[in-house]
Amino acid sequence: MAHELTWQIVRVLLYVVGLIAFAAFNAAYLSLLERKIPAWFQLRYGPKEVGPWGLLQPVADGVKLLTKQLLVQAESDVLLFKLAPVMVVVPAIMCLALIPFSEVLWARNINVGLLALFSFSAIHVLGTMLGGWSSYNKYASIAAARVVAQNIAYEIPLLLVMVTFVMVTHSMNLFDIVQQQAGGFWHWYLLRVQASPLMPVAFVIFFICMLAEANRAPFDMFEAESELVAGAFTEYSGMGFGLFFIAEYANVLVSCSLATVLFLGGWQCPFGLLPGLHWFLIKMYALCFVVIWVRWSFPRTQFYGLLNLSWKFLIPVAFLHLVLTAVMLKLF
Amino acid sequence: MSTTAQSLHEEMFVLNLGPQHPATHGVLRIKLMMDGEYIADAESVIGYGHRMQEKMGENRTYAKFLPNTGRMDYVAAMFNTHGYVCAVEKLAGLRVPERAEYIRVITAELNRVASHLLWLGAFLIDLGGFTPLLYTFDDREQILDLLEGLTGTRLTYCYYRFGGVCNDVDDAFLAGSRQFVARMRARMPMYHALITKNIIFRKRCEEIGPITAEQCRKYGATGPVIRGSGVAYDVRKAEPYGAYPQLDFNVPVYPQGDCLARYMVRLDEIVESLRLVEQALDRLPGGPVMAEKVPRLLKPPKGDCYFNVESARGSFGVRLFSDGTDKAYRLKLRSPCFSNLSLFRECSRGMLLADALALLGSLDLIIPDIDR
């Protein structure tokens with residue numbers, strides 16, 4: 001028994017180390033893709049000097065960030081200021097620990113996985129808000145106020161969609177949810193219109209909310225560089241900024257992984273053949289590509305436009321979806 | 001703290017937008033009195049790029065000041081040179097050959113297209129969309145290459161001379177201009193699909209930053225700003241100069257007065273400028289490009305004159321007083337950006353910060369042109 005427990009602890013620790021490495025690696029190389037992919041859109045090359053095809057550019061950036069001085073303003077709240085980047089990056093990695101990557105590759109499989117995941121992901125909002133607020137900078141304070149309003153607005157439709165989703169799946173266990181989608185792409189929750197005819201709409205709402213939660217363009221309200229300089233990160237330098245940067249990509253990763261697990265069948269193959277990690281990664285990176293694509297195609301929304309979208313459109317639709325699904329479940 | 005600040009609500013705070021802020025496109029500082037995210041008052045603090053251009057015009061000869069004109073509105077340098085050259089010609093009574101007038105139209109209109117393209121990219125950056133900038137710069141690059149071949153400079157042209165232009169156009173330039181007109185026409189639907197039809201762009205521009213024709217008149221705003229407010233004022237039509245009276249072109253006017261109207265005016269102006277370039281290329285007469293017998297050291301007779309040209313940003317005016325010597329007694333430059341910026345205080349009141357930046361972007365300000 002004791003042996004079993006030790007093994008469990010060692011296993012989780014190994015996974016946590018692996019996930020931190022995974023998150024950091026992805027943050028580095030998604031940032032490279034974030035420059036390379038728009039470079040293709042924009043008739044230019046992107047980074048190409050450091051290493052072949054610019055592959056060592058993220059390393060150079062990391063070294064640069066590590067060697068920079070961590071400036072802390074005299075007036076800022078030093079403890080919160082230094083704690084905030086950690087509060088942003090740790091929950092993102094905790095979320096990754098709950099994601100089942102394949103049938104055999106998962107850190108923790110808990111029955112309330114979905115709930116735990118949303119609980120963790122709510123913390124990074126607090127971190128960003130504290131970071132902005134403790135900076136003692138007006139742009140950062142405006143950004144901190146925006147973060148709170150934006151995240152309250154987007155948690156509601158997101159959670160409404162999730163409530164509906166759990167009504168359909170009867171489970172909050174992410175592992176089970178993937179297993180329910182085995183077979184082929186018509187078994188994916190994205191296309192399970194017999195459970196609720198609005199399932200594709202639910203996916204779109206989910207994806208929009210996840211973009212807003214991860215603070216990605218066109219909803220990057222608190223980083224709006226043409227309005228707020230660098231928003232909540234204005235006063236951060238060196239690795240303080242670097243951690244926010246890693247957290248942003250880790251959040252993108254979490255969002256795309258969760259979308260894959262919930263709606264796109266996780267590691268299941270679209271044709272029922274050879275399920276495995278590769279399918280998970282293909283789906284996840286395809287979604288990451290969409291996230292980058294959206295960022296470089298659209299201008300930023302207005303702040304109130306963003307709130308209007310949530311309160312006047314997404315929440316009513318999410319409610320409709322909830323009611324419709326409840327009726328469908330009762331009838332059939 | 002000043003008394004005005006004390007009398008305001010205590011929760012208001014001052015936000016310094018600039019002098020180094022991504023949205024001001026240069027060293028413009030706007031002191032914003034903010035009520036949350038709403039702007040209560042916006043005071044523009046200008047002069048960071050002040051180079052005493054007017055004084056410089058008074059203590060050196062006319063020809064020596066000429067290159068300076070390209071350094072004021074460096075995005076649309078042709079127009080500043082055009083205004084100054086025309087004012088001196090009017091004062092000295094020089095007659096410009098027909099061919100030179102047509103070449104001036106071609107180069108000036110190409111410069112207008114380049115300037116509007118740069119604005120388009122920068123405006124979209126203000127709104128948070130990065131990609132259009134790269135497309136507009138690709139097109140703008142073609143114009144810069146053409147003008148570089150002709151004038152030797154890519155940005156701060158000093159191509160016009162008192163009495164004409166400094167060298168004749170070659171076949172490469174003429175063929176290149178025709179090619180560019182065709183290329184740019186083909187690109188316009190792409191811009192409309194990428195930007196004009198984008199829902200987020202429309203939401204950020206429609207009914208945002210309304211400016212009435214009355215306000216434009218009050219502050220002397222000209223160019224696309226006043227044409228976006230429903231007034232068909234264009235110096236090329238109102239006080240025709242050069243070869244413009246012989247050419248056929250429309251003045252795009254939109255009555256809404258919002259950011260979208262100003263955007264549409266500029267996009268339509270690109271099309272009109274292309275028409276002008278094409279017509280001028282078709283009708284380009286032969287003959288010399290310089291007036292005969294222009295003295296090397298110009299000494300215009302005593303008198304004063306005012307000359308207005310339609311720059312890419314509005315009416316650019318030059319007032320020159322000559323006392324009969326080789327230097328101007330007084331030079332006054334009317335910058336369109338200065339008048340357009342002065343609108344901002346009144347129009348931004350009560351706006352959200354993000355919308356006010358859309359308004360600021362839609363005014364198309366070149367800061368060194370404000371400061372001179």
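Throughout, protein chains are lettered first and strands after them, A, B, ... in sequence-line order, and every chain is numbered starting at 1.
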Main-chain N/O of A/S297 paired to B/T131 side chain as donor or acceptor, under 3.5 Å:
no

Can you confirm whether A/W293 is buried at CH2, in the sense that more than 12 heavy atoms of other residues, nucleotides or ligands lie under 6.0 Å from that atom?
no

Just checking B/Y38: does its OH atom have more than 12 heavy atoms from other residues, nucleotides or ligands closer to it than 6.0 angstrom?
no

A/F289, CZ: over 12 other non-hydrogen atoms inside 6.0 angstrom:
yes

Using heavy-atom distances under 4.5 Å, tell me whether A/S141 contacts chain B through its side chain, its backbone, both, or neither.
neither

Any chance you could measure B/K203, atom NZ, to A/N308, atom CG, to the nearest 0.5 Å?
7.5 Å

B/I199 CD1 to A/T301 OG1 distance, which is reported to the nearest 0.5 Å:
12.0 Å

Does any backbone or side-chain atom of B/I208 lie under 4.5 Å from a heavy atom of chain A? Answer side chain, backbone, both or neither.
side chain

Would you mind checking which part of B/L352 comes under 4.5 Å of any heavy atom in chain A, side chain (CB onward), backbone (N, CA, C, O), both or neither?
side chain

Note: B/L17 and A/Y139 closest approach over all heavy atoms is CA-OH, 3.5 Å

Engaged part of B/N16 at the chain A interface, taking heavy atoms whose separation is under 4.5 Å
backbone

On a heavy-atom basis, which atom in B/R204 and which in A/R300 lie closest, and how many Å separate them?
CD-O, 2.8 Å

State, to 0.1 Å, how close A/R44 and B/L134 come at their nearest heavy-atom pair, and which atoms those are.
CD-CD1, 3.9 Å

If you define the side chain from C-beta out and look only at heavy atoms, does anything of B/F130 sit under 4.5 Å from A/Q42?
yes

Please check if atom OH in B/Y191 has more than 12 non-hydrogen atoms from other residues, nucleotides or ligands closer than 6.0 Å.
yes

Would you say B/Q179 has more than 12 foreign heavy atoms packed within less than 6.0 Å of its CD?
no

In terms of heavy-atom contacts, does OH of B/Y48 have more than 12 from other residues, nucleotides or ligands at under 6.0 Å?
yes

Does atom CD of B/E346 have more than 12 heavy-atom neighbours, drawn from other residues, nucleotides or ligands, at distances under 6.0 Å?
yes

Go through the steps to decide whether A/F298 and B/L127 satisfy the test side-chain contact (heavy atoms from CB on, under 4.5 Å), and finish with yes or no.
CA-CA 9 Å; A/F298 288 106; B/L127 300 182; over 6 Å; no

Work out which heavy atom in B/I200 is nearest to a heavy atom in A/P299; give both atom names and the distance.
CG2-O, 3.4 Å

